[in-house]
Each structure stands twice: as structure tokens, then as C-alpha cells.
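So the structure is just underneath, and the comments pick up after that.
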Amino acid sequence: MQPFGYGRRGHVRGLGGRVVLPISGTTDGRLRCVLPFKAAPVEVGLLRNAAASQLTRWGMSAAVDEAEVIVTELATNVVKHVGDGAAAALVLEWRRDRLRLEVHDRSPVLPSVRKAERYDECGRGLHLVASLTADWGVMLTAVGKAVWCEVPLSLGVAGCRVERAVGVLEAYQSTGGALERQGRSWGTSLEESAVELIAGLLHWTAARGHDPDDFLDRAQTCYEAEADAA
């Protein structure tokens, strides 16, 4: 597995101007977000907020609290044990019923879980991560290591909507309804398919004698109501 950078397109700026890859993809259609960061105390809060924002966009508001704690602990460990200013990256990956988080750094030294005494200020981070996750572990990469964990998801309305939409768009692509996208990232290809599919639905509403703008307004109203409820 590559330590950083899972996509080439759709880059936006964030976390102090570094490149963020908001959505890139794998061949099995998982949603993935890669957030590069620099190991520094001030960056931990920015990284936590960026992760929370991405999960909210995916409709995973229920997982935000646990994810914020996990991101804080893992990023702080990089600052403490790899070194201030070290290059690192957080990976968020939606695996249907689980959210996988990985923190990659360039140190091959594996973390160890040690027993923390009652009044110790440090040593509880990985214990806390383990208590919040279904599974966790450490893997060596080509240039260092990655600490990973998986959080079970209980998807609300928004999360189910997103998952269903991804399935529809992938089915649309597989039937040849989408334009040729050779060489483009999965995320970019999916976005273009969404535009084409929406345009096709508007043509369908017009062919049936309906007002496409009215359908857009109704869809927007439905989306806003569900977003507010989440």
C-alpha cells in the first residue's frame, strides 16, 4: 500500500495550503479521502476538523465523535514519537458498514501498547483507540508505517442515501451510459456520471410534460430537510 497520495485528480487546498485529495477511489468502489498533514500540535485540530467535515459530507455524522478522538490520538502520537514537522497523512475510507482510518508516517518504528499507571499523563492513547474501534493494528509501508483502525457504522438516512447513490452511479457506468473516462480517477468519473444522470432525469421529466425546474426544487427541498435532520 502506498503511504501517501491515492489519487491524481480533484485536488483542493487545505490544512495550511497542502494538497488534499477529497475523494479518490479504488477498484471496488470504496470512498476514500486522503488528508496530508505536518506533525505539529497546531495541525492536529485542523486535521480533526477536516476529518469531521469530510464524514459529514459523506452522511456519517454519527461517526464524527469517535473519529475526532481517534484522529486526535493517532496524529498526536506522530507528533510525539516521530517528531515535530514530520510528513504524515490521514486516510479515511468508507467500507460500507465500517469506517477505516489510517495514519501514515515515515518512521519504521512500530508503536507498542504499554500499561499506563493511574496518574500517568501519557500511555493511554492506543488503549483509547482500541476501546472505540472494532479492530486496529499497525502495518509497515514502503517508507514507514501506518496505524489503522476500523469503526462500525450505523448509517442514518443521509449515509444510506449516499451509499445508494454510489451504487446507482456505478451501475449507470457499467451499462455504458457514461462517457468514456479512461485515465480519469474514480472520483472524477463518478462526479461526471452524476451530472450526466441528473441531466438525463431532467430530460425524462420534460418528456413526461413536467417542469424540470420544479423537480430540481423538490429534490433540493428533500435534501435540505434530510441534511437538517442529520
Side-chain angles (χ1 to χ4, degrees), residues 1-8 10-26 30-55 58 60 63-95 98-151:
M1 179 176 290
Q2 295 176 350
F4 306 107
Y6 290 82
R8 296 185 182 90
H11 297 190
V12 298
R13 293 288 171 180
L15 273 66
R18 277 171 297 288
V19 172
V20 178
L21 314 181
I23 298 180
S24 54
T26 59
R30 297 167 181 165
L31 290 179
R32 175 179 284 160
C33 174
V34 182
L35 298 170
F37 68 98
K38 181 174 67 175
V42 68
E43 292 267 319
V44 174
L46 296 173
L47 184 66
R48 180 174 60 243
N49 293 340
S53 296
Q54 182 61 61
L55 294 181
W58 280 348
M60 298 181 186
V64 167
D65 288 345
E66 284 116 335
E68 286 184 326
V69 174
I70 293 168
V71 169
T72 300
E73 293 297 331
L74 296 184
T76 300
N77 279 347
V78 176
V79 177
K80 290 180 178 178
H81 301 296
V82 179
D84 194 2
L90 168 67
V91 179
L92 304 173
E93 188 175 85
W94 181 0
R95 299 188 172 190
R98 288 193 177 190
L99 171 67
R100 183 179 176 95
L101 300 93
E102 300 177 3
V103 171
H104 293 248
D105 62 59
R106 299 182 183 276
S107 170
V109 180
L110 302 182
S112 60
V113 180
R114 66 180 179 84
K115 182 179 179 180
E117 300 300 330
R118 181 178 179 182
Y119 297 106
D120 285 351
E121 295 183 359
C122 301
R124 295 186 172 85
L126 291 179
H127 291 284
L128 182 57
V129 169
S131 70
L132 293 173
T133 60
D135 197 9
W136 76 279
V138 185
M139 59 185 181
L140 291 173
T141 66
V143 297
K145 68 175 178 298
V147 181
W148 62 268
C149 60
E150 294 184 348
V151 179

Are the side chains of [Y] and [X] in contact, using a 4.5 Å heavy-atom criterion?
{"X": "N77", "Y": "V147", "value": "no"}
{"X": "V109", "Y": "H81", "value": "no"}
{"X": "L140", "Y": "L110", "value": "yes"}
{"X": "V82", "Y": "R106", "value": "no"}
{"X": "L92", "Y": "L101", "value": "yes"}

Tell me the closest heavy-atom pair linking [X] and [Y], and the distance in Å.
{"X": "W148", "Y": "V138", "result": "NE1-N, 3.7 Å"}
{"X": "L46", "Y": "V42", "result": "CG-O, 3.7 Å"}
{"X": "F37", "Y": "V103", "result": "CZ-CG1, 4.2 Å"}
{"X": "L55", "Y": "A67", "result": "CD1-CB, 3.5 Å"}
{"X": "A39", "Y": "G83", "result": "CB-O, 3.4 Å"}
{"X": "V78", "Y": "A88", "result": "CG1-CB, 4.1 Å"}

List for me each residue that meets salt bridge (Lys or Arg N to Asp or Glu O under 4.0 Å) alongside E150, sequence neighbours excluded, and say none if there are none.
R95, R98, R100

Who passes side-chain contact (heavy atoms from CB on, under 4.5 Å) against [X], sequence neighbours left out?
{"X": "D84", "value": "A40, P41"}
{"X": "E66", "value": "L132"}
{"X": "T72", "value": "V44, R48, T76"}

Salt bridge (Lys or Arg N to Asp or Glu O under 4.0 Å) partners of residues 134-148, not counting sequence neighbours, each pair once:
D105-K145

Straight-line distance of L90 CG to E43 CD, nearest 0.5 Å
12.0 Å

Distance (rounded to the nearest 0.5 Å) between L35 CG and N49 CG
11.5 Å

